[in-house]
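What you see is a predicted model, and the numbers here were worked out from it, not measured in a lab. The sequence lines fix the lettering, A, B, ..., with proteins before strands; numbering per chain opens at 1.
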Amino acid sequence: MMEEEYQLDYFRDHGLIRKICTSCANPFWTRDPGRVVCGDAPCESYTFIGHPVFDPHTVPEMREAFLSFFERHGHTRLERYPVAARWRDDIYLTIASIADFQPFVTSGLVPPPANPLTISQPCIRLNDLDSVGRSGRHLTLFEMMAHHAFNSQERVIYWKDETVAFCDEFLASIGADLTKISYKEHPWFGGGNAGPSLEVLIGGLEVATLVFMNLGREKTTETPVILDGDPYYPMKTRIVDTGYGLERFVWASQGSPTIYDAIFPTLIDSLIHEIHLEEFLSTQEYAHILALNAKYSGLVDIQGSSLLQMRKRMAYTIGVSFEDLQKVIVPFEKLYTIADHTRCLAYMLGDCIVPSNVREGYLARLVLRRTLRTMYELGIKTDLADLIEMQVKASGDQTFEQSTDVIREIVHNEVDRYRQTLQRGSRIIQKLASAYRKKNRSIPVAELITLYDSHGISPEMVRDIATQEGSEVELPDNFYSMVAGLHAQADSEREIPLEKYRDQVAGLPPTKKLYYEQTDDIEFDAGVIDFFDGYVILDQTLFYPEGGGQPADTGLLITTEGMIRVENTFQLGEVILHQTRGSVLYRGERVKGKIDEERRRSLMRHHTATHLLLRAAKDVLGTHIHQAGAQKGSESSRLDIRHYKHITPEEILRIEVLANQMVTEDSLISIKWEERTKAEQKYGFELYQGGVPPGKEIRVVRVNRDVEACAGTHCRSTGEVGVIKIIRIEHVQDGIERIEFAAGTAAIYYLQHLEGFLFEAAKAVSVQPENLPTTVQRFFTEWKEQRKEIGRLQKRIADLEIAHLETGKVGEVPVAVKTMIGTPSELVTIATGFAERGGVAVLLSGNERVHVVVASGNPKVHAVAIVQRVCQVLGGKGGGTSVLAQGSGSRIEFLDKALEEGRAAILGELNAG
RNA sequence: GGGCUGGUAGAUCAGCGGAAGAUCGCACCGUUCGCAACGGUGAGGCCGCGGGUUCAACCCCCGCCCAGUCCA
């Protein structure tokens, strides 16, 4: 980045001078001629601790000070966006204030909601998770106070000088001494954009970053700037992207040891009490350690692996033993972690994220479980839901959509579930440990990987428990990368079948989409624009292409020659392709199109019904209900929703009734194109249920109380949907429930189908359908009882049979070789009973196949040997154990010969020994 | 979205091709003034569901359902 970028008139006019940091060699601007270092970590330690650089502010006071300052200076104040980035499909969580305006506002496609604007945006970043609580400054959730100006070629709002002027003025307004501020030059790039940037430093702390985004990766005719090997081109929109860390401002205004002490005073106080850490605070020695640790913690960058080294260096720096430092610091770090994580969770859950094992839900669960682990380690018994509720209250519950009751329920669910996982885990480990102890081996790494990957048990936990059990564990340093290796298999790239035609259609005029204007029509006239490989492109069409979970229309194209079947319809760019088979069309030819009416009407009913069901589910289950996917069909459709527990049968009934009530209200469905930003401000991000559509304008579909951005075809009024019948609820994956349903005539067909089963089943047991449940119940119970009775009878028959089963004796050994009537299992019972009295039995039975059972009560006689010889005669096979063997053969005509063979075999065995 | 692990008695789990087992819990009997403990006896299983292979499947193969878990 070029040096001239930072040569601002403002700096010159206000007496700021450019210097080079003697520590890191980076350039910075300051009013203080004596300053030699840039003021950033690690060049300078925290000097504001104990010596605040701003007038004292609480979090709400500071936020208000900032927002109202910029409001006074011509900015429009915006409400914060949710921490779940629902308007984007490339990130799960809002990571910066500028993320609110990506990608459409920043690209210049959509005008910003206000210009210039100011906002205080809560952001969640989980990449520094290990540093949270330890560094004294890292947070999982922080509020980025910002003012943004979007400069277009037509309209320039302001640029660098004004931005720096605002910064100075704002800092002065909260009591900063401007001579203590330094502006460090810091070229910025990330997320495909770049530009010059200034870091604002005071008291050794970076409190804000002023980014002047003017470069992008999108290729233009202008000369690119090369950054980190990549070319960046000047952008049409130049954006002032500032970020003032709210929590850091509050911290610097209070000069407390850590950022956590500044922003969570109440929560930390109560936790300190709970685990009796006051003694550390009241002892002068410990208080001293804490203060020094805080001061120097800014200097060190924490990486998980080098933590130990860092801590040793820190102990050396502040002149205490490593052990003493650990003893004091560790509990506080954990405390801070809990304070931070619970606020992060308050925002995640408050903004309707549902914990699960996928997407942002997974991140919520990750943070929640981390919090629980830390609480267990510290011995904190307080209900996590209480802590989170405190954070919700502290942040102001009106900022959250989710009700506190639901948040509490979700947390309790998660706590329960985690406890169960841990219990299950320790049982598995104990079993494993004792198994390996018996083998006198240590638990191999392969087992650890399985435990972690499949059961969520950390290797540390395995080591702890296994050690208690007296077993050894091999735990390699690169354990987690070994696990990662397991998942490293690259997912095969999915081929998009139409991609090869993209260039071919690029030059064609966009197809006019009649299906949006003439929603009720089924016939249209059109001219053929192009034809290739069976794909027809028309100047206009009623055929709806596959999209938004709605399948494509099928139908006919009628020419002067005849009729052509349209089997599928796709959209490629702005052109719609009709897939046909077995005919040829010519450019310029006129055709008449006719879509399959019944199919289309059914799809429309199902699509509108999807919106109604989503609304109904939201009413019944809570505001967090959000569509996770949908597939419409003409016979039945599916709606996947995010929810934190299984939907109960009662809830299903209520949702169904509610949806059908909205049908009977027969309200008109309104569809109109609205400007994206305006629609977002008007309806909120609940608009985006089926993904985020591209473009400046979005198609807003209002069905009863449901408002969504949707590209599908819909009925004219809810009444046209007809009856909505939920067919089943499926649990697709953790946190996602699938509602399968039918609408209109399809629902009637389904009910008739269902009734068919009922009548058939009732007929089979000869009862009225309403008696079916009790009858089936009775039959099942009776069946079980009779099965037991049969067992008892078999045993009695066996006893009777055994009494006169003997067909002879070989020496002292009673022998029974005979045919009898009975199932193989009966034969087994009888033969075994005979063998228990020291005898040897060979029993045969059967009509089409001969079953052979041999039981031996004599150690000389091996049952398998006998059964094999007998079965061979019968043309079959068999096997078993030395005392009981079974087999069969198909050659009934050799029955007598088989009996003969059995006798001979026994004789042979007994005489041999 | 991609993996992995598991589903056997009320609970926790063995078994893993040749008649369904253990421990705890439960019921009853004994011991006891009574309880606990102990001894004895017993009840309790569509071995998740549906196909297939086999003389024979809880066990092997395929599909499905359910639960858990890791990664993106």
Side-chain angles (χ1 to χ4, degrees), chain A residues 89-92 356-363 365-366 369 417-418 420-428 430-432 434-435 446-459 479-494 628-629 640 646 728-736 738 779-781 783-788 791-792 794-795 798 823-836 841 843-844 846 848-855 863-864 867-868 870-872 874-891:
Chain A
D89 42 25
D90 53 341
I91 50 174
Y92 297 135
S356 73
N357 55 9
V358 291
R359 301 163 59 93
E360 68 272 21
Y362 176 68
L363 301 175
R365 178 168 289 167
L366 186 90
R369 291 193 172 184
R417 191 197 269 262
Y418 188 49
Q420 279 169 23
T421 299
L422 289 183
Q423 273 171 9
R424 193 173 24 242
S426 42
R427 274 199 302 267
I428 295 174
Q430 279 171 13
K431 233 164 46 192
L432 208 66
S434 74
E447 294 281 9
L448 294 187
I449 292 176
T450 311
L451 283 173
Y452 178 72
D453 213 32
S454 305
H455 302 283
I457 304 163
S458 67
F479 178 80
Y480 287 98
S481 51
M482 289 172 82
V483 174
L486 263 186
H487 298 279
Q489 276 170 344
D491 39 346
S492 57
E493 220 164 281
R494 210 165 20 135
D640 295 349
H646 291 193
R728 70 174 69 87
I729 299 289
E730 231 177 314
H731 179 66
V732 189
Q733 59 182 193
D734 197 21
I736 297 181
R738 171 169 295 170
F779 278 8
F780 189 67
T781 324
W783 168 76
K784 280 208 281 195
E785 277 165 9
Q786 286 175 1
R787 215 165 54 118
K788 273 178 243 160
R792 280 192 287 272
Q794 263 184 14
K795 207 162 178 203
T823 63
S825 77
E826 281 165 346
L827 262 51
V828 166
T829 317
I830 294 166
T832 317
F834 189 71
E836 270 162 18
L843 305 179
L844 285 76
E848 277 140 43
R849 259 198 105 79
V850 183
H851 292 281
V852 182
V853 174
V854 177
V864 177
V867 103
Q868 277 170 350
V870 175
C871 286
Q872 198 171 17
L874 293 163
K877 288 194 276 188
T881 64
S882 64
V883 292
L884 177 72
Q886 298 169 68
S888 82
S890 54
R891 307 184 71 170

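Checked against side-chain hydrogen bond (donor to acceptor under 3.5 Å, both in side chains), A/Glu360 has no partners two or more places apart in sequence or in another chain. Scored by the side-chain hydrogen bond (donor to acceptor under 3.5 Å, both in side chains) test, A/Arg849 finds A/Ser888 as partners (sequence neighbours excluded).
Rounded to a whole angstrom, the distance from the P atom of B/rU23 to that of B/rA56 is 34 Å. With C1' as the reference atom, B/rG50 and B/rG68 are 24 Å apart, rounded to whole Å. The P atoms of B/rC38 and B/rG25 are separated by 8 Å, rounded to the nearest whole Å. When the P atom is compared between B/rG44 and B/rC35, the two are found 27 Å apart, to the nearest whole Å. Comparing the same atom, P, in B/rC26 and in B/rG10 gives a spacing of 15 Å after rounding to whole Å. Between B/rC49 and B/rC65, the two C1' atoms lie 7 Å apart (nearest whole Å). A gap of 15 Å separates the C1' atoms of B/rG17 and B/rG52, to the nearest Å. Across B/rC47 and B/rG15, the matching C1' atoms stand 11 Å from one another, rounded to whole Å.
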| task | Determine, stepwise, if the pair A/Leu884 / A/Val853 fulfils side-chain contact (heavy atoms from CB on, under 4.5 Å). | result | CA-CA 7 Å; A/Leu884 177 72; A/Val853 174; 4.1 Å; yes
| said: Run A/Val854 and A/Val870 through side-chain contact (heavy atoms from CB on, under 4.5 Å) and show every step you take. | reply: CA-CA 10 Å; A/Val854 177; A/Val870 175; 5.5 Å; no
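Atom-to-atom distance recorded for A/Ile729:CD1 and A/Arg738:CZ is 11.0 Å, nearest 0.5 angstrom. How far CD of A/Glu447 is from CD1 of A/Ile457: 11.0 Å, rounded to the nearest 0.5 Å.
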| Paired and unpaired positions of RNA chain B as dot-bracket, Watson-Crick or G-U wobble under 3.5 Å, | denoting a partner strand | (((((((..((((....[..)))).(((((.......))))).....(((((..]....)))))))))))).
| query | When every nucleotide of nucleotides 63-69 of chain B is labelled 5' to 3' by its protein contacts under 4.0 Å (heavy atoms), B for base, S for sugar-phosphate only, - for none, what sequence of letters results? | reply | --SSSBB
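The shortest heavy-atom contact between A/Cys871 and A/Lys877 is SG-O, 3.6 Å. Minimum interatomic distance between A/Gln794 and A/Thr829 (heavy atoms only, all atoms of both residues): OE1-OG1, 4.2 Å. Between A/Ser356 and A/Gly735, the closest heavy-atom pair is CB-CA, 3.9 Å. When every heavy atom of A/Ile428 is checked against every heavy atom of A/His455, the shortest pair comes out as CD1-ND1, 3.7 Å. Residues A/Tyr452 and A/Pro459 come closest through the heavy atom pair CD1-CD, 4.2 Å.
Rounded to whole angstrom, the span from the CD atom of A/Gln423 across to the P atom of B/rC13 amounts to 10 Å. Regarding A/Leu448, its CG atom lies at a distance of 15 Å from the C1' atom of B/rC70, rounded to whole Å. Atoms CZ (A/Arg427) and C1' (B/rA11) sit 9 Å apart, rounded to a whole Å. The OH-P distance, from A/Tyr92 to B/rA72, rounds to 10 Å in whole Å.
For the pair A/Val828 and A/Thr450, nearest-nucleotide mapping onto RNA chain B gives the more 5' position to A/Thr450.
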Pull out every protein N or O sitting under 3.5 Å from an N or O of nucleotides 52-57 of chain B, one pair per line with the distance.
from   : atom 1 : to       : atom 2 : distance (Å)
B/rC55 : O2'    : A/Ser888 : OG     : 2.9
B/rC55 : N1     : A/Lys877 : O      : 3.4

Short heteroatom pairs, N/O only, protein and nucleotides 43-46 of chain B, under 3.5 Å:
from   : atom 1 : to       : atom 2 : distance (Å)
B/rG44 : OP1    : A/Lys788 : NZ     : 2.9

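Heavy atoms from other residues, nucleotides or ligands lying under 6.0 Å from CD of A/Gln872 number 12 at most.
In this structure, A/Glu826 reaches neither bases nor backbone, as no heavy-atom distance under 4.0 Å exists between it and the strands shown.
Counting only heavy atoms from C-beta outward, the side chains of A/Leu843 and A/Val828 never approach each other to under 4.5 Å.
Counting only distance, with no hydrogens or angles, the side chain of A/Ser426 and the backbone of A/Gln423 share a donor-acceptor pair below 3.5 Å.
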